[in-house]
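To start, the structure under review is shown below, and the notes come after it.
Letters A, B, ... mirror the listed sequences (proteins, then strands); counts begin at 1. Side chains included, hydrogens not; waters and symmetry mates left out as well; all remaining heavy atoms used.
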2 protein chains.
Amino acid sequence: MPTKKHEQFVNAVQEAADQPLNQEMLLSLVGYNCRRAYLSIMPLFHERMSELDLRTVDFSVLSLLHANPNITQKRLSNAINVSPPNLAILLDRLEARGLLLRQRNPLDKRSQTLILTAEGERMAVEAEDKVSALEADATSALSNAERAQLLKLLQKIFQPSRG
Amino acid sequence: MPTKKHEQFVNAVQEAADQPLNQEMLLSLVGYNCRRAYLSIMPLFHERMSELDLRTVDFSVLSLLHANPNITQKRLSNAINVSPPNLAILLDRLEARGLLLRQRNPLDKRSQTLILTAEGERMAVEAEDKVSALEADATSALSNAERAQLLKLLQKIFQPSRG
DNA sequence: TATTGTTATACTCTATAACTATA
DNA sequence: TATAGTTATAGAGTATAACAATA
């Protein structure tokens, strides 16, 4: 025999099931929306880059070394926000694949400088092409102007000094 | 005795050290910028929410249940993109803390509906206030109009159907 | 004494397989 | 037979502590 309280519960559950989800609060947060946008782009990255066997962080390293040959591990570590221990094993893997070289820094023998091999350069160029294309596909709902505006606004958040 | 090759290497290393890092490629990518912006907001989240002992995903759950009482675990799982096994233990913790209740769904006894306790409601309201404030601080480089524009552009990426 | 980089290790997050109960 | 949820477990990603070599 259903009590009144039980009836109210059944009605509340029915009503909840009938209504679309209210996500107003979460959708008002920049952090949440950044994460959702990022997570919506990543599957395409993994699909298209699995052929090159590169993760996002591997791509970041190749791309930065392509544009900045002979920088030290320290500067790379700071730039991509990967801790020295984790960068060490990441570089072990890329070096083992013949994509880059570590060389003792002649100006300060504590540090090591990094440079892509010829194969690493080829891989970097190919990866950059693939990523540019995949990005365009993942953000095809945006016009070029909107995309540029988005980049500007995001950079204001993590580079506030640059206005 | 330094070879010519070695001299060239020393010069290249010196030049690399003297120049600012070129991050043009990475900064042209929406995914990379989303991640950087997200990672710049998170430390503030952890600082301010450690008092409430809530992670981002815990906050998402409390906030969604606050706005959508009596929804099922299935709908919650879909909304926040957390797999059923991982959601189960997350809900175990919040239930053990007295923040929510799981109730067998009277309309389909396979599923369970979720509702915040009085304490859970208080926690949700307090957390939402804190998060709103922290978001404003983390994105203070943006005007209100820019912030609104940013949310719109990000949502276009992961909700392309909504234009 | 401080810095760069490495090794070892622990912790969190996320993903998968197998199971129970209900439809 | 299919679905909601749970348990157990494995893997990836990230963080910390201790160490060697150089400054």
Side-chain angles (χ1 to χ4, degrees), chain A residues 13 16-17 31 35-36 38-40 42-43 45-47 49-50 53-61 65 70-96 100-115, chain B residues 13-14 16-17 31-32 35-36 38-40 42-43 45-47 49-50 53-61 65 70-96 100-115:
Chain A
V13 168
R35 179 141 224 273
R36 290 286 301 266
Y38 175 76
L39 291 177
S40 82
M42 280 312 98
F45 183 98
H46 294 128
E47 266 178 45
M49 302 299 279
S50 67
D53 194 22
L54 293 178
R55 302 168 304 161
T56 53
V57 66
D58 300 320
F59 171 75
S60 294
V61 166
L65 293 183
N70 295 304
I71 60 171
T72 64
Q73 289 189 199
K74 175 69 174 166
R75 286 187 81 192
L76 181 61
S77 171
N78 287 337
I80 62 177
N81 212 36
V82 171
S83 66
N86 294 328
L87 184 59
I89 59 179
L90 189 168
L91 293 176
D92 284 346
R93 281 195 290 256
L94 295 180
E95 195 171 21
L100 60 82
L101 285 175
R102 284 189 258 215
Q103 296 175 288
R104 194 53 61 182
N105 183 348
L107 304 174
D108 179 345
K109 286 177 187 161
R110 289 174 303 184
S111 66
Q112 293 187 128
T113 62
L114 302 166
I115 191 159
Chain B
V13 169
Q14 183 66 59
Y32 182 79
R35 179 140 224 273
R36 291 287 301 267
Y38 175 77
L39 291 178
S40 82
M42 282 311 98
F45 184 99
H46 294 128
E47 267 179 44
M49 302 299 278
S50 67
D53 194 22
L54 293 178
R55 302 168 304 163
T56 54
V57 66
D58 300 320
F59 171 75
S60 294
V61 166
L65 293 183
N70 295 304
I71 60 171
T72 64
Q73 290 189 200
K74 176 68 175 169
R75 286 187 79 192
L76 180 61
S77 172
N78 287 337
I80 61 176
N81 213 35
V82 172
S83 67
N86 294 328
L87 184 60
I89 59 179
L90 189 168
L91 293 176
D92 284 346
R93 282 195 289 256
L94 296 180
E95 196 171 22
L100 59 81
L101 286 175
R102 284 189 257 215
Q103 296 176 288
R104 196 51 61 183
N105 183 347
L107 303 175
D108 181 343
K109 286 176 184 158
R110 290 174 303 185
S111 66
Q112 295 187 129
T113 63
L114 302 166
I115 192 160

When you measure from the side chain of [X], which nucleotide among [options] comes out closest?
| X | options | value |
| --- | --- | --- |
| B:A88 | C:dT6, D:dT6, C:dC13 | D:dT6 |
| A:Q73 | C:dT6, C:dC13, C:dT22 | C:dT6 |
| B:N86 | C:dA21, C:dT14, D:dA15 | C:dT14 |

Problem set entry | Heavy atoms of other groups near B:N81 CG, more than 12 under 6.0 Å | no

Would you name the heavy atoms of [X] and [Y] that are closest together and state the gap between them?
| X | Y | value |
| --- | --- | --- |
| B:R104 | B:Q112 | NH2-OE1, 3.2 Å |
| B:M49 | B:F59 | CE-CD1, 4.3 Å |
| A:I80 | A:V57 | CD1-CG2, 4.3 Å |

Exercise. Within the side chain of B:R75, is there an N or O that forms a donor-acceptor pair under 3.5 Å with the backbone of A:A16?
Worked result: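 At least one qualifying donor-acceptor pair exists.
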
For this session: Tell me whether the OP1 or OP2 atom of D:dA21 has a side-chain N or O from A:Q112 closer than 4.0 Å.
Result: no

For this session: Respond yes when some side-chain nitrogen or oxygen of A:R102 is under 4.0 Å from OP1 or OP2 of C:dG5, and no when none is.
Result: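 False: A:R102 side-chain N/O out of range (4.0 Å or more) of C:dG5 OP1/OP2.
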
Distance, rounded to the nearest Å, where [X] contributes [atom1] and [N] contributes [atom2]:
| X | N | atom1 | atom2 | answer |
| --- | --- | --- | --- | --- |
| A:N81 | D:dT14 | CG | P | 10 Å |
| B:H46 | C:dT12 | NE2 | P | 12 Å |
| A:L90 | D:dA15 | CG | C1' | 15 Å |
| A:L87 | D:dG13 | CG | C1' | 14 Å |
| B:K74 | C:dA23 | NZ | C1' | 15 Å |
| B:L76 | D:dT3 | CG | P | 20 Å |
| B:L107 | D:dT3 | CG | P | 19 Å |
| A:N78 | C:dG5 | CG | C1' | 13 Å |

Under 4.0 Å, counting only non-hydrogen atoms across every strand here, what does [X] touch: a base, just sugar-phosphate, or nothing?
| X | value |
| --- | --- |
| B:R35 | sugar-phosphate |
| B:N105 | nothing |
| B:R104 | nothing |
| A:R75 | nothing |

For this session: Please figure out whether A:S111 or A:D92 has its closest DNA chain C nucleotide nearer the 5' end.
Result: A:S111

For this session: Please state whether the base of D:dA4 and the side chain of B:D108 form at least one donor-acceptor pair under 3.5 Å?
Result: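 There is none.
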
Seminar exercise, completed: Sorted by position of nearest nucleotide on DNA chain D, 5' first, the leading residue of A:S83 and A:P106 is A:S83

